[in-house]
Structures are given as structure tokens and as C-alpha cells.
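Since the structure comes first, as C-alpha cells, the remarks are kept for the end.
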Amino acid sequence: MLAFAMIYIVWGSTFFFIHRALVGFGPFLLGAVRFATAGLLLLAWCRYKGYRIVNQHTIVRAGLMGLLLLYIDNGIIIWVEQFMPSGIVAIMSASAAIWFIILDKPKWKENFSNLPTIIGLFMGFLGVVMLFGDRVAQAMDASQRQSNIMGMVLLLFGTLAWTIGSLYSKYYGKPRAEEENSMVSTAWQMLLAGAAFAITAGVRGEVSTFQLDDVPASAWWAITYLILFGSIGAYSSYIWLLQVRPATQVSTHTYVNPIVAVLLGSLFANETVTYSQLIGLLIVLSSVLLINWDTYNLSAIFSRRTRYKRLREKARIRATIRASIPSAPDGRTKAASADSI
């Protein structure tokens, strides 16, 4: 429950804190500082705990997962948000939950035979569309159509990279020996992704133009939050959840994150929440409930209600039978007289 709360709430809040941090950092420099620092801190903690932090097999797998999950997907989101509304970005990112159904081959039989899961996935996507319906209409403006189409293609590629990286982590990223540890792998993922961000930031000139004195205190607090809670807390929780829960359930964070972003925007950025957005929120929450139908064992709840209904019906029939039995001369029913004998 705590891990799901981290990827639901904390990851949803990172949209708000990324916006604050971008005031003082370039986009790829922000990724470099965030992930490299988080990776180093987590690696130091693993060393303190006595885990083996240098393992060639772990580093190679972690490098692949870090590039797919953090560098490619997050890098595309940062780049696309320069010219596309955040609503389109949120919708395309939420489509990752559908890609999990399509690409998770070992779970095809289970996923495609589970009607609540399929309905919940498409309901969640519809709810996210309703959340950002006004921004979608603006993004479809003819003057920006070409750039928006290019951005959607890039975001589609990013969600595919995220899904493939997540499934790879689930099925092939588990420790294979006692000396390997999942937290060490997570640390290397962030560290290597941070290195890739740093190289990109250097090529784009973000490092040479960075001025330490120009970074406001709010940006420092924001990037500290992103490092400690967004990366070490939420991302570590995500990698762990992939090992212990079905990928379709873990992917529901892509539906809940926009809800948190909308609420934070309305509370701290004076953004208004429309009725269509409220309906979208309810649809998204309902979709998460449907996707986790079997996890919450809701079928058993309804079956228990049916069982209780049958028991009440039997009790009513027995009461009717007792009432229809004639009374004995002494005022008791024949059944009661027989019992006394």
C-alpha cells in the first residue's frame, strides 16, 4: 500500500515540482542532477548495508532499464513539453497502461479474459481525456498540427520504451544470485540514466550556460524533493512493485498521476477545476477499482451478499412455516410441545 501511494501521489506531484525546478535548471541538466544524485545516494546506502554494489551482470541490465525507463521516456516528455500542452503529454503517457495489456505476453490469457481489467483500462484512458479535454482542443489547432503530430509520435515511442523497460525489469531484472540486490540495480539505473542526461545537457550547452547564482531557493527545494521522493522513494517503489504485482495493476499510476497534478494545480497554482474534470476524476478512480477487481476480491463481496440474501430467504421461509403450525391447547405450537417432550 505504501509503495502504491508513492507511485500514485508522489509521482503525480513531480509534475508540479519539475515545473518549479525548471526555473533554475535546463531540462536535461535537471534530469542529470536529479537522477545522478539519487543514484549516488542510493548506491552509498546499499554500500553501507553491505550489499555488493559492483556486479557486471547487474550493471549491464540496470543500464538498459535506466535508458528505457528514465532517459528515453522522461527525456522525450521534457523535450515535447517545450511545444505541446501538458494535457496531450498526460494522455499519451497514460496510454502506457494499455500498452502493458498488449505487450505483456505471459499475461495475455489472464488479461484478455478479465473483463473488468479491459473495461477499466479504457475507462481510465477516457477519464484522462476528459481531464484535459479543453487542452486537447487547443492542441488540435491547425497552426500547430504538424508539431503536435510529431510530438505525439515521440510520446508514443516514449511510452513504448517505458512499457518495454518495465516488462524487462519484471521478467528479467530480478536478482539471479544471492550477491545481487534489486536496490543496487535501481541505484545503477538512476546513476547511468543521470550520466546520459549529463552528456545530453553538455552537448546542448546547458552545462556551459548554467549560472549557480541564478537558481532560486524554490528550485533547490523542488529538485531536492524530486531526488528524495520522486526518484529514491517513488521510482524504487515502482521497480519493487513490478516484481511482486501484475504489471497492469502497477501501470494504473499513469491514470492517477494526472489527478494529483490537477489537484496540486488547483490548490497551489490557482487553476480552476471544471465539472468535466471532476467527472473525469471519478471515471479514473472507477477504472482503477475495476483493474484491481481481483486484487480487492470484490467478486467475493458480492457473492457474500448473495449468500446472505439466500440465508435471509431461508430464515423467512422457516418463520413462515412456524407461523402456519396450529397452536396446542396450552397455547404452545405443536413443534414446541414436541420439543418439550
Side-chain angles (χ1 to χ4, degrees), residues 1-22 24-25 27-55 58-59 61-75 77-78 93 162 165-166 168-170 173-175 180-198 201 215 218-245 250-251 253-254 256-257 260-261 264:
M1 292 178 64
L2 179 60
F4 269 109
M6 292 295 290
I7 67 172
Y8 279 4
I9 300 174
V10 174
W11 261 358
S13 66
T14 54
F15 291 100
F16 176 79
F17 286 99
I18 286 174
H19 180 72
R20 292 293 181 91
L22 283 173
F25 297 88
F28 288 95
L29 181 60
L30 171 61
V33 175
R34 173 185 176 182
F35 292 115
T37 305
L40 287 173
L41 290 175
L42 190 57
L43 207 61
W45 183 83
C46 292
R47 183 74 178 102
Y48 171 76
K49 296 292 291 184
Y51 302 140
R52 181 181 176 184
I53 62 175
V54 179
N55 183 290
T58 300
I59 294 174
R61 288 187 292 108
L64 178 59
M65 288 185 286
L67 291 175
L68 289 170
L69 290 167
L70 299 175
Y71 177 71
I72 294 179
D73 183 58
N74 280 271
I77 289 175
I78 294 172
S93 298
W162 178 267
S166 298
Y168 180 85
S169 175
K170 179 174 182 61
K174 295 180 180 180
E180 295 186 35
N181 184 273
S182 60
M183 294 299 291
V184 174
S185 175
T186 303
W188 278 111
Q189 290 176 42
M190 291 188 288
L191 184 59
L192 295 175
F197 271 108
V215 181
S218 59
W220 286 115
W221 283 112
I223 200 170
T224 301
Y225 178 88
L226 292 172
I227 292 170
L228 297 178
F229 294 95
S231 295
I232 295 178
Y235 185 69
S236 299
S237 299
Y238 178 78
I239 296 298
W240 178 77
L241 280 172
L242 286 174
Q243 312 300 325
V244 298
R245 300 304 308 162
V250 182
S251 67
H253 76 88
T254 59
V256 181
N257 291 163
V260 179
L264 285 176

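Along the sequence shown, residues carry numbers from 1.
- I223 places a side-chain heavy atom less than 4.5 Å from the side chain of W220.
- Considering all non-hydrogen atoms of both residues, A234 and V10 come closest at CB-CG1, 4.0 Å.
- Closest heavy-atom contact between F4 and V250: CE2-CA, 4.1 Å.
- Taking the ring-ring contact (aromatic ring centres under 6.0 Å, His included) definition, one finds that W240 meets it with nothing, sequence neighbours left out.
- In this pair, Y225 and F17 present their aromatic rings parallel. The plane angle is below 30°, not in the 30 to 60° band.
- Across all non-hydrogen atoms, the minimal contact from M190 to A38 is SD-CB, 3.9 Å.
- Taking the side chain as every heavy atom from C-beta outward, L42 and M183 approach each other to under 4.5 Å.
- Counting only heavy atoms from C-beta outward, the side chains of I232 and W45 never approach each other to under 4.5 Å.
- Two residues are said to be in side-chain contact when any heavy atoms from C-beta on lie closer than 4.5 Å; N55 and N181 fail this criterion.
- Between the W162 side chain and the L68 main chain, no donor and acceptor come within less than 3.5 Å of each other.
- A distance of 8.5 Å separates CG in N74 from OG1 in T14, rounded to the nearest 0.5 Å.
- Closest approach of A219 to V215, counting heavy atoms only: CB-CG1, 3.8 Å.
- Counting heavy atoms from C-beta outward, L67 and L192 have side chains that stay 4.5 Å or more apart.
- Summarising the geometry, atom CD1 belonging to I239 is positioned 9.0 Å from atom OG belonging to S182; distances are rounded to the nearest 0.5 Å.
- Applying the 6.0 Å contact sphere to CG of L228 captures more than 12 heavy atoms from other residues, nucleotides or ligands.
- Note that CD1 of I18 is 8.0 Å distant from CD1 of I77, once rounded to the nearest 0.5 Å.
- A donor-acceptor contact closer than 3.5 angstrom is absent between the side chains of S185 and R61.
- The shortest heavy-atom contact between R34 and S231 is NE-OG, 2.9 Å.
- Residues M65 and G165 share a closest heavy-atom pair of CG-O, 4.2 Å.
- Evaluated for a side chain to side chain contact (heavy atoms under 4.5 Å, CB included) with L43, the options V54, I53, T186 yield exactly one hit, I53.
- Ring geometry, F197 versus F35: the interplanar angle falls under 30°, so the pair is classed parallel (tilted spans 30 to 60°).
- Formation of a donor-acceptor pair under 3.5 Å by the K170 side chain with backbone atoms of L241 is not found in this model.
- Rounded to the nearest 0.5 Å, atoms OG (S251) and CZ (R245) are 12.5 Å apart.
- No donor-acceptor pair under 3.5 Å is formed between the side chain of Q189 and the backbone N or O of G39.
- We find the CZ-CG distance between F25 and L226 to be 10.0 Å, quoted to the nearest 0.5 Å.
- The aromatic rings of H253 and Y238 sit perpendicular, their planes meeting at an angle over 60°, well past the 30° parallel limit.
- Atom-to-atom distance recorded for M6:CE and Y235:OH is 14.0 Å, nearest 0.5 angstrom.
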